[in-house]
Amino acid sequence: MDNSNEFAPVYLRHDLMIEIGRLEMAMDHLVERDPVQQQQLRPRLQTRMSHLLCELDHLPA
């Protein structure tokens, strides 16, 4: 009997939460960069965050 599939959503949720935390930290540290870098990085970070939050919403409860 293979129970690995039962835990897959738990691991995926955990991995998504870790990545969301990393993105939040990166966004917090944007203020330490020069304005040009902020303008380049902020949209990419926000897009990635949006994607991860969407993935998290689609996981089974």
Side-chain angles (χ1 to χ4, degrees):
M1 183 173 178
D2 183 14
N3 292 333
S4 63
N5 287 338
E6 292 178 23
F7 296 109
V10 174
Y11 291 131
L12 184 54
R13 180 176 301 279
H14 179 260
D15 292 345
L16 287 171
M17 294 301 294
I18 289 172
E19 187 62 22
I20 288 168
R22 288 179 181 161
L23 280 170
E24 288 174 342
M25 287 177 20
M27 291 172 87
D28 288 344
H29 290 285
L30 273 179
V31 296
E32 298 170 3
R33 298 189 176 258
D34 66 71
V36 174
Q37 286 181 325
Q38 288 180 27
Q39 289 177 350
Q40 292 172 345
L41 293 174
R42 183 171 281 116
R44 290 173 39 198
L45 293 173
Q46 289 172 335
T47 299
R48 179 77 175 139
M49 179 68 80
S50 176
H51 175 73
L52 291 174
L53 291 172
C54 184
E55 289 295 320
L56 190 62
D57 285 344
H58 287 88
L59 285 179

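Residue numbers count from 1 along this sequence.
Under the side-chain contact (heavy atoms from CB on, under 4.5 Å) criterion, His51 pairs with Arg48, Glu55, not counting sequence neighbours. Remark: Leu53 engages Ile20, Met49 in a side-chain contact (heavy atoms from CB on, under 4.5 Å) (not counting sequence neighbours). Evaluation of the side chain to side chain donor-acceptor pair (under 3.5 Å) rule for His29 yields Glu32 as partners, not counting sequence neighbours.
Remark: Ser50 OG to Leu23 CG distance equals 11.0 Å, nearest 0.5 Å. Remark: Asp57 CG to Leu52 CG distance equals 11.0 Å, nearest 0.5 Å.
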Result block: side-chain N/O donor-acceptor pairs under 3.5 angstrom for residues 35-46, not counting sequence neighbours:
residue: Gln38; atom: NE2; partner: Leu30; partner atom: O; Å: 3.1
residue: Gln38; atom: NE2; partner: Arg33; partner atom: O; Å: 2.8

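For residues 8-26, the pairs satisfying salt bridge (Lys or Arg N to Asp or Glu O under 4.0 Å) are Glu19-Arg22, with sequence neighbours left out.
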